[in-house]
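Below is one structure, written out as structure tokens; the observations come after it.
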Amino acid sequence: MSDHSDHPSYLGHHYDTVEQQFDSGKLGMWLFLATEILLFAGLFCAYAIYRKNHPEVFIYAHQFLDKNLGGINTLVLITSSFTMAMAVRMAQLGKKQATAGLLALTLLGGVGFLGIKAVEYEHKWKHGLLWGTKYRDQDAEHGTPGEHGGEHGTEGETAPGEHSLRLSLPGVEIAHAAEDAGHGAAGNEATSGEAAANGTEHAADGTEHSASGDATMSEGAAAEGAQMDASADESGEPAPIVGGEAMPHSGLAKGASQPQGMAAPAEAGEGHGTGHKPSNVHIFFGIYFLMTGLHGLHVIAGMGAISWVLIRTLRGDFSAEYSTPVDLVGLYWHLVDLVWIYLFPLLYLIH
Amino acid sequence: MTTTTYDGHAEEKNYLNAKPGIWSWLTTLDHKRIGVMYLISILFAFFLGGMLALLVRTELLTPGKTIVDADTYNQLFTLHGAIMIFLFIIPGIPAAIGNFVLPLMLGAKDVAFPRLNLLSWYLWITGAVFAIVSMVVGAVDTGWTFYTPYSTQTSTQVINMTMGVFILGFSSIFTGLNFVVTIHKLRPAGMTWWRMPLMLWGLYATAIIQVLATPVLGITLLLLVAERALGVGIFDPSLGGDPLLYQHFFWFYSHPAVYIMILPAMGVISELISVHSRKTIFGYHAIALSSVAIAAFSFIVWGHHMFTAMSPMGNMIFSALTFSVSIPSAVKTFNWLATLYRGHIRLNAPMLYALAFIFLFGIGGLTGLFLGALATDIHLHDTYFIVAHFHYVMFGGTVIAFLGGIHHWWPKMFGRMYNENLARIACLLIFLGFNFTFFTQFILGTMGMPRRYYDYIDTFATLHQFSTMGSYIMAVGFFLTAGYLIHSLVAGERAVENPWGAATLEWRTASPPIEHNFHETPDANYPYDYSVNRYNPETGNYDYIGPSRVDDHGHAVGFHGAESTT
Amino acid sequence: MSDHAEHSGPGHIVSPMILVGTLVALLVLTFITVAVTWVNLGEFNLWIAMIIATIKATLVVLFFMHLYWDKPIIGIVFVTSLLLVALFIGLSMTDVDQVGPQRIPDYAPAVQQSTGS
Amino acid sequence: MNLVFDLIAQLALMGVAQTANKTFYMPPQASASAAHVDWLFDLILWISVFFFVLIVILMVMFIVKYRVKDPNAEGPRIYHNTPLEITWTAIPLAIVVVIFWLGFKGYMDLAVPPANAYEIQVTGQKWKWLFTYPNGYVDEILHVPSDRPVTLVMTSTDVIHAMYIPAFRAKTDVMPGRYTKIWFDATEPGTYPLFCAEYCGTGHSAMITEVLVHGPGEFETWMDEAANWIATMAPEEAGLKLYSMLGCQQCHSTTGAAGIGPTWAGLFGSERKMKDGSTIVADENYIRQSILEPQAEIVAGFDPVMPTFQGRIKDDGIAALIAYMKSLQ
């Protein structure tokens, strides 16, 4: 067996040299980054396809996003990416204090980013610019956003803290949504636990399990099961017209989709003073919340990893010879910034 | 340190009894123990999936209700599919056999990231718990594909099951990631990429797909759960979504996933055919490159699952690309055949499974031609022809190779020999039962019997009865296999170091191996140079006598043209 | 750079000049991205935004993540994942685009029902 | 390029032609394109059988000829044989390209409906097919003429289904939110099964109906007689058909079982206690009113959720329903 004298503590027993361990760690981390890129590829593909199918929705809806906040967020993430790169450099030179300082600066960048995101989410939540059946664009009627909240304004107490963002909806919203038994409105029975997508962060470093937090939170969704069945049958009965005139093409869908014979209400008023308001605007906000929500989860996971590395730096685990964890966490943080570099123009700067 | 004495008992501790107690197993970082833990857990999943299959086949014995009603039947075939695919066949060969064999074949002490390897097993267990809980609480009835909008509107436990599969996806990613880094960074001196056993090429190609395809399944299931729990409206048309988009997302992962299943099986078969006919593999470069070519092509063909829903342009593109995947598989089959030529073939259990693989995978591959051609696929899509095709490829391919691999490496894993005669009988039973069950389903399919039908019109009745009878024969074969394998653990004859005369590195350490694998890192030789060992009639072992021809660096040569070594 | 001497661990140390340079370039490019949107170039806006974002991304990957000094296998892994992303989006788009005419415009019954719009 | 493939196809055709046109493993060929699909299927079948038999014979020969005698003997060191490897790559490649081309050509005939095809609208829903003919008549069985190509314009109201008619070798998904087309040129009069081929829940295997191919000229006569089926059918029968067609069975049972709406068993002529306390005899006028303006009179103990059927049912329909209710005494 290779004698143990030149086998330092941080070198795994199955590695022969430090170089081999470092290269393995690097390749392993980059493979993990490849999986993250492909994870976001799914969202970018959904974005591309929905933008191709509903260009007018994207052009109309993106004005509700605050370009300035988006721009500031981009700058915040780029600078925190820079401080992270400097921290990695300092760690490689074995300068403990400088590394710890720069890591703290990077964490601050993350906090800033999430704070701005919280502001943006709260604004969207207040104006009902949400996804699926929760979309209530009442501003469209009054032209100017926000001088008075809709009849069911939410007094979401948005603790500016970056971690647990608890936005609660009052009972009235749930009751109102519940009785119009549109099938497929799966989520509106969930309890107020149905907070914005970025639930509490309990991810081990690097692997975000927060999605499984989703599962426990939406256990209540199972209760909606019974309601689902009833609505599924109710929408199942045929809507063809017996005898008399043949069914016009578009009539087929119209008839099928409004069994209760409700006449389609008049088109909502002039939208936001910016041209005709297309229908299905909720699609844009569905994609917006999914993309920025999942990215937010990754920012939180990244900050968790940086805190773990910061603690180990202060504990003196690293030296000029061994600082691989700082390097690898740095790679993860740069990837999170990389994804935002693409998200910012695609969501905020649509023409 | 005393080496293993050949009178059967080893003074030295092996990895099985090195540390006593369950806790040492549950917190082990030893790739061999993790491989054995994986083996036990996926065999439990295989047993569960098998029972569900028997229930499905029994229900189809007669038209109308035989033992269960429609809803339960839908849950049965969904769970059979989901458990067999996500819990058994995807982790299957890579995690159970791969974890055990890969570091040994590299002469290494362990995989690159041992802790990540253990985390991968615990993620499998967590995913399995989610799946089993969802089975009990309100089993999913959407089919293993969870197609929307049915999966977003049904009241069964879709969120639980999809979360389970999401977690299993991570388990698969970490195994793949571990293998890619290990093969790149932990190869011994003298083992260049072209002197690596073909089993490692198979595992390498599989690992690439596991790492690069599984994340898309992750995002697909995350979006499905977001749609169900929060009503986001990506895939459900009633919320403005597009159900065909779900199918694109799902199959972008799931077609590469079927190559995650078959590539390790091909790796095992390359080893078995060469070792048990004691002849160097024919076309080493062709087989190695075919594995990587299949991994690459697997990403561009997913559209052939949706020929009845896509546009003619999309169908044309995907039909043409699909045929590109059939070529590397055909090339491999011909190479295995050429390896048998002028070999010294031993018809023991691993070899019987390898030959059965060539037979069954041949049928599976060729029936793929009908499904790649557009005109015939329109008639055959979503019928029992498809069920027969993928069972011939997945069962006839991966499970048969898995059984061959288990028998081949059993002496090395547990230091015991299995009962050869019982093994041959069990192989025959499984082979016959399988063909009775699934060849009839080809005919059911061409006659137009759709998939996932609880009740069917009377013209299909006799074929279904024949198929169900076949599945019972197969079940008997499996119980027999389980019987003699478990019996061999307790009362099996002690295994020697190298019972088959294989030339790869894992056969140059004790059976079962010591905890850190090798006393000193062995020098790599050409994996199919059988002149490195000689048969010792007294002990029945092939003693290692060193490479016949050595180059100036002392590395074994044995591979013509590769005189220069790196 | 003098401080390279004591460094004995693996991995390349990036000189601060390169890091600061990259930071400045990223900030400038971000400004350009926003500036371009003030001019309405129709279809090209999207492509210009994507090109600038790709340039910024390459800068981050090459210098901040020091791919420039890493082993080639790392680069291959990164580029392969990008190829797969392009393949995935490209092929899905061709089909969804072809199927366009079959779609019922603005079909979302559950949403129209509950929001009455 | 096109010519070359067609040449190869003709050669292969001669080889395959003598097999019986009607095979046991294929459903009857009831449409013009079925013959081509079956021919391509047989072509691929014979190619596969040839290669498979070749492989199995070689394998068995090698096993028998090269059985182990001396455990130490090692086979000859044949590493590779480039010419052999090139041939067994090129030949499958060529065959596969031909199969793709034939498959694609056959598919284009299946996929693109001719301009003058007769159009029928189809609604697929959870576990029932509804066919709406140009004259507005709606039926659960597909009637098609045998002398003209027919196009089905299909959509679904809930989940994905798939229209599958094995006898025509035709299959297309039926999706909510989209109109998909399937076309065929039926040639053999008769009835053939019609399946749902995309899993859609509990009743997926019950979502079966029939395609009835009428002989030449018979289709028009059937159409006229079917148009006023309410008049031609016995009133009770027509009432029952309306009961299921309009979805009354969703809320009103005919067996006395409780439902969202009052049961029809023993309803006609009985005293009905209203929510506002008054009682009305359930006669023709009450039934007519509760169909056209359901909100006017609400029976005690039920919610006002019944939709109006104004404009969706005519007087003869209402009369048929009343006749059906009478038959439920």
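Each chain gets a letter, A, B and so on, in the order the sequences are listed, and its residues count up from 1.
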Nearest-0.5 Å distance that lies between atom OG in Ser81(A) and atom CG in Leu59(C): 11.5 Å

Heavy atoms only, distances under 4.5 angstrom: which of [options] has the most pairs with chain A? Name it, please.
options	result
Thr37(C), Val34(C), Thr22(C), Val60(C)	Thr37(C)
Thr54(C), Leu29(C), Leu27(C), Leu67(C)	Thr54(C)
Val61(C), Asn40(C), Val20(C)	Asn40(C)
Asp70(C), Leu82(C), Thr80(C)	Asp70(C)

[X] versus chain A, heavy atoms under 4.5 Å apart: side chain, backbone, both or neither?
X	answer
Asn45(C)	side chain
Val36(C)	neither
Leu26(C)	both
Val39(C)	backbone

Report the C-alpha separation of Tyr342(A) and Lys56(C) in whole Å, then their side-chain angles, then the decisive distance to 0.1 Å, and conclude whether the side-chain contact (heavy atoms from CB on, under 4.5 Å) test is met. CA-CA 9 Å; Tyr342(A) 277 94; Lys56(C) 285 165 71 177; over 6 Å; no

pair [X]-[Y]: side-chain heavy atoms closer than 4.5 Å:
X	Y	value
Leu27(A)	Lys71(C)	no
Leu33(A)	Phe78(C)	no
His334(A)	His66(C)	no
Phe44(A)	Val85(C)	no
Leu346(A)	Leu46(C)	yes

How would you list, by chain and number, every residue that makes a ring-ring contact (aromatic ring centres under 6.0 Å, His included) with Tyr15(A), sequence neighbours excluded? none

Tell me, out of Ile341(A), Asp337(A), Thr35(A), Leu38(A), who's got the most heavy-atom pairs with chain C below 4.5 Å. Ile341(A)

